[in-house]
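Positions are given from 1 along the sequence. For ligands, and for the atoms within them, numbers begin at 1 and follow the listed sequence.
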Amino acid sequence: MNMQKTFLPQVSPWFGEEEIANVVSTLKNNWITEGPMTKEFGDKLNKLMNVEYGVFAPNGTLALFLGLLALEIGTGDEVLVPDCTFIGSANSVLLTGAKPVFIEVNNYNYQIDVKKAKKLLTTRTKAIMPVHLYGMSANMNEVMEFARENNLFVIEDAAQGVGVNYNNKHVGTFGDVGCFSFFADKTISTGEGGYVVTNNENIYKKLLLLRNQGRYNRGSFIHPAIGYNFRITDMQAAVGLAQLEKLQQIINRKFEIYSLYLKYLNEVPGLNFLKVEKGSNIVPFRFLIFVEDAEAAMKFLEEKGIQSRSFFYPMHKQPCFNFLDIHNGGSQDLSDNNFANSVYGYEHGICLPIYPTLADDDVKFICDTIKEFLLNE
Ligand SMILES: Cc1ncc(COP(=O)(O)O)c(C=O)c1O
């Protein structure tokens with residue numbers, strides 16, 4: 001074992017000569033706003049996902065906001081959001097003036113449990129936002145059936161979902177709109193970036209209008225609608241195109257690392273793992289384990305130079321969402337006992353690194369460290 005102090009970060013994007021060459025050529029072409037690279041990146045994303053239309057947004061949170069706006073969701077409306085997710089999912093709803101209603105997650109992969117949503121439906125409920133978490137799909141058969149039965153829009157938060165398929169269909173393409181993120185820790189990254197897809201031409205037209213200051217064409221100063229500037233730059237698209245070229249390599253390497261983790265940890269007593277949703281592939285986002293004392297385990301890992309993270313802090317517990325609680329004048333009972341699974345996930349779940357440049361030896365070192373922790377616990 002090397003004697004140098006190890007540091008293994010939680011995430012690490014994988015950029016190389018291809019990304020650099022693409023950005024340089026964009027600069028040399030003197031086209032830095034949305035241009036040919038953005039067009040090509042969008043076309044290739046649509047092809048990958050087998051979807052008709054797509055538009056870019058500055059990040060995943062704003063992609064969700066834009067998608068919600070295109071569905072005409074706003075003040076007075078409610079959107080069903082899983083309790084275990086990144087806060088951007090819920091914040092995008094609040095940005096529109098609508099209210100997120102938090103839904104308990106299942107106990108095997110912490111995705112939305114629609115069975116728990118029924119009793120939270122009101123006449124104001126307009127949409128459901130499944131979140132495809134940790135590199136796998138939510139149960140989209142259940143989500144789509146629930147949405148159909150209750151006449152709800154479906155906006156998929158597929159921020160972590162590039163390359164993820166459910167019953168051989170790319171996530172993000174089941175609902176009315178699907179939203180992706182290209183943040184630094186995502187499967188492909190442009191630093192910051194977001195993408196909204198749809199198969200509905202009318203929704204697409206609204207997306208175009210809303211992201212371009214409420215007008216269809218640049219160069220006109222007459223704005224039929226209120227909109228925003230949600231453009232990206234061709235430099236970001238240049239990075240994205242190079243990332244897309246190596247998507248399969250990224251997915252393969254992530255899967256190799258995932259398999260190595262399983263090999264080393266499978267038989268370890270006291271460890272539990274996330275179950276992949278039936279019908280979904282996995283493009284591992286992190287390697288997730290459950291231990292009795294997650295806090296102590298994360299501290300032990302940190303001391304050995306391994307950066308780990310807890311699961312997401314449940315939405316119903318977020319201090320900034322106190323006002324949504326019935327006990328503080330809101331309309332939903334946000335007591336912990338309504339969200340036992342997401343609380344369990346937060347208290348016992350640990351995210352371990354999976355990124356393409358993580359070496360096999362690093363994975364072994366991480367697994368040995370976990371075993372050492374469990375032995376001395
Ligand atoms: C599930 C989920 N939703 C939304 C987002 C928001 O994406 P962004 O950070 O690009 O705004 C993220 C990523 O950070 C995420 O993981």
Looking at [X], which atoms of ligand 1 are within less than 4.0 Å of one of its heavy atoms?
{"X": "Gly60", "result": "7 (O), 8 (P), 10 (O), 11 (O)"}
{"X": "Gln160", "result": "1 (C), 16 (O)"}
{"X": "Thr61", "result": "6 (C), 7 (O), 8 (P), 11 (O)"}
{"X": "Lys186", "result": "12 (C), 13 (C), 14 (O), 16 (O)"}
{"X": "Ser89", "result": "3 (N)"}
{"X": "Thr85", "result": "1 (C)"}
{"X": "Ala159", "result": "2 (C), 3 (N), 4 (C), 5 (C), 12 (C), 15 (C)"}
{"X": "Val131", "result": "1 (C)"}

Going by an N to O cut-off under 4.0 Å, is there a salt bridge joining [X] and [Y]?
{"X": "Arg231", "Y": "Glu34", "answer": "no"}
{"X": "Glu192", "Y": "Lys186", "answer": "no"}
{"X": "Arg253", "Y": "Asp360", "answer": "yes"}

Heavy-atom nearest neighbour in the protein, as seen from atom 3 (N) of ligand 1, with distance rounded to 0.1 Å:
Asp157 OD2, 2.7 Å

Give a yes or no answer on whether the side chain of Thr26 reaches the backbone of Asn22 with a donor-acceptor pair at less than 3.5 Å.
yes

Exam field: side chain Thr33 to backbone Thr233, donor-acceptor pair closer than 3.5 Å
no

Quick one: does Gly88 get a heavy atom under 4.0 Å from ligand 1?
no

Report yes or no: does Gly194 have a heavy atom closer than 4.0 Å to ligand 1?
no

How about Phe180 and Tyr195: are their ring centres within less than 6.0 Å of each other?
no

Centroid-to-centroid, Phe230 to Phe56, below 6.0 Å?
no

Closest candidate by heavy atom, reference atom 12 (C) of ligand 1, pool Phe183, Phe65, Phe86:
Phe86

Can you confirm if the NZ or CZ of Lys317 lies within 45° of the ring axis of Tyr346 and under 6.0 Å from the centre of its six-membered ring?
no

Carefully, step by step, assess Phe365 and Leu8 under the rule side-chain contact (heavy atoms from CB on, under 4.5 Å).
CA-CA 10 Å; Phe365 173 63; Leu8 297 172; 4.1 Å; yes

Could you tell me whether Glu192 and ligand 1 have an N or O pair separated by under 3.5 Å?
no

